[in-house]
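Proteins come first, then strands; the chains are lettered A, B, ... in the order of their sequence lines, and each starts at number 1.
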Amino acid sequence: MRYYLTTAIAYANNKPGLHTLYEVIGADAIARWRRMSGDDVRFLTGTDEYSVNIATRAAEEGMSPQDFVDAKVALFQSSEARLLISPDRFIRTTDADHLLAAQEMVRRSHAAGDIYLGSYEGWYCPNEGFRTETDVERVGDGAVCPNHPGVALEWLKEQNWFFKLSAYQARLEAWLSQDPSPVQPAYRRNEMLGFVRQGLEDFSISREGAGWGIPFPIRADGTSAIAHDGTADPSAGTIYVWYDALINYLTGAGFPVSPDGAPWWPADLQIIGKDINRFHSVFWPAMLWSAGLEAPKQIWVHGWLLSSGERMSKSRGNFLDPDDAVAALGADGARFVALREVPFDRDGEVSWDSIIRRYNSELANDFGNLVNRAVTMAQRSFPDTAPPPRAAAASPLGTAWAATRTRASDAMGQVALHEWLGALWELVGTANRFVDSEKPWELAKAAKDGDAAAREQLSGVLGDLLETCRLISLYAAPAIPRVAAQVWELLGHRWPYDEDGHGGPALEKLGEWGACVADRPLSSPVPLFPRLERDEQSPATR
RNA sequence: GGCGGGGUAGCUCAGCGGUAGAGCAGGGGAUUCAUAAGCCCUUGGUCGCAGGUUCGAUUCCUGCCCUCGCUACCA
């Protein structure tokens, strides 16, 4: 099955924080899950690089805008590589094909009669662009924006192109009202429904002047602003925000350069943060319909990472550095903890301390130690061949796996990433309790003394345990891709997927209890997740 | 202001008519295969406040308090 998923593109003005990459980690896990399931996956993530603000920042640092964003994008890519993020394309809005896609979308909406000339006026901050009335502080007759208190705002009026969002109110209401909701979680859909029902206003999609942005392809008189040699008429202005940024999802789908249109569109899943829900759940479908395209199949709105109750952000300065997390916990540890600490449908409190605690408790103590003790015991009693599991029906763990597997798959299908890992880690607990109740060390002693029945029992118990480790690793691999492969090698299996989760038999097939026979002896275990000292290097939030 | 969620153990949350649960954190114990991990037991709650319905309410109703989200053009 074809599966196209996207993250929002991040504003390329800084080094990314963990709160920025959280969404990318989640999307990456889904992409890997789908690849391992045998789907034909396209996973798109990237950066948003045009804006007056970027140009200003670049100028302040004495750089060209392009050099500036190149440098920031390199930071994103480096942090993402450390986290084993595996996009099929890392898209940049400065990419050449994206320019074509954005301009084509404008042309289509224009041809459809959904774009018209109007005038836009409002407070304008020379440092940051237009500000909304609610964003400014009144000072006498004038106003200043909170971010630059020393700078007086100007009241500016521009001739701009507007998109007829108001024409799509009924269709948006109908679309949002569908069951199941195309916007998840459902309460986010309800918020958007409320918004739409208040009545929709058109929004501006161009800015005057040739700033740092994509040239607007149409002149005020309706003629093309793009010459045959591709150069643009600067008097036509630039495309403003949404007809640039949102279009990246289409560019990444092959629009419009691919001969078959946009082969990957519509997207199966678009993951976004709650601050941009309105643009994705209201503006975006209307823009697509205007151009004769379909709305995305599903939009998933995740919550924030919080620090002491406040949203983590660069501007607040209360963020965590993803590189610090990877350095301390490893890529697998950092990915797992991010997905486990914060419910994917809600905000979640995160601190360095809670990260270390989660890592130690669930990865080092519960899971890592489970694999370690199981492999050690098995290797000691069965040095040549790993003991096979008993029939699923005859094994408590085999029975438990059936339920766990269903829960994990269902949760993944619903983008409930926290429930997915939650189900798997409950089985980790079950397996640890199983070890203590079966006491394989006692069985080993009896077996050594020549008790054949004890030896058979021991083989079954350890075989079940090893199988459980194999299956949990397999199903958790989208979160902990490297360690999962490492566990399989320890267990004498060969990991059949490549680094990004491609190839190999379908996950569901390998996920059958007893699906694989180890073809090599067990290896001596090394700690998969070394335990960390609680107070070890705490970069804290900065 | 309007609309919609919440307020339950130190923390994060589940439960939603018969006087409360999980995970983590804290305390104790028995063990030893294991990353001084795991396992067992356990301390913590007038279930926001005040009324009402009911034989009985954390669970239903009303009022109030507090809190969070949405309430248009920031990337």
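For R346(A), no side-chain nitrogen or oxygen approaches OP1 or OP2 of G6(B) to under 4.0 Å. Note on R531(A): a side-chain N or O is less than 4.0 Å away from OP1 or OP2 of A37(B).
F195(A) places its CZ atom 7 Å from the P atom of U71(B), with the value rounded to the nearest Å.
No hydrogens or angles were tested; on distance alone, nothing pairs the side chain of N365(A) with the base of A37(B) as donor and acceptor under 3.5 Å.
Closest approach to the Y120(A) side chain among A72(B), C74(B), U35(B) is made by C74(B) (side chain taken as heavy atoms from C-beta onward). You'll find that the side chain of F283(A) is closest to A72(B), out of U35(B), A72(B), C70(B). Closest to the side chain of R278(A), out of A72(B), C33(B), C74(B), is A72(B).
The aromatic rings of H110(A) and W161(A) lie perpendicular to each other, with more than 60° between the two planes, well past the 30° mark.
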For nucleotides 39-44 of chain B, list the nitrogen or oxygen atoms of the protein found under 3.5 Å from its nitrogen or oxygen atoms, one pair per line.
{"unit_1": "C39(B)", "atom_1": "O4'", "unit_2": "D436(A)", "atom_2": "OD1", "d": "3.2"}
{"unit_1": "C39(B)", "atom_1": "O4'", "unit_2": "D436(A)", "atom_2": "OD2", "d": "3.3"}

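Nucleotide C33(B) has no partner under the Watson-Crick or G-U criteria, as no pair reaches both atom distances under 3.5 Å. The base-pairing partner of G69(B), taking Watson-Crick or G-U wobble contacts with both distances under 3.5 Å, is C3(B). Checking A22(B) for Watson-Crick or G-U wobble geometry (two distances, each under 3.5 Å) identifies U12(B) as its partner.
Cation-pi geometry between R57(A) and F68(A) is not met at under 6.0 angstrom from the ring centre and within 45 degrees of the axis.
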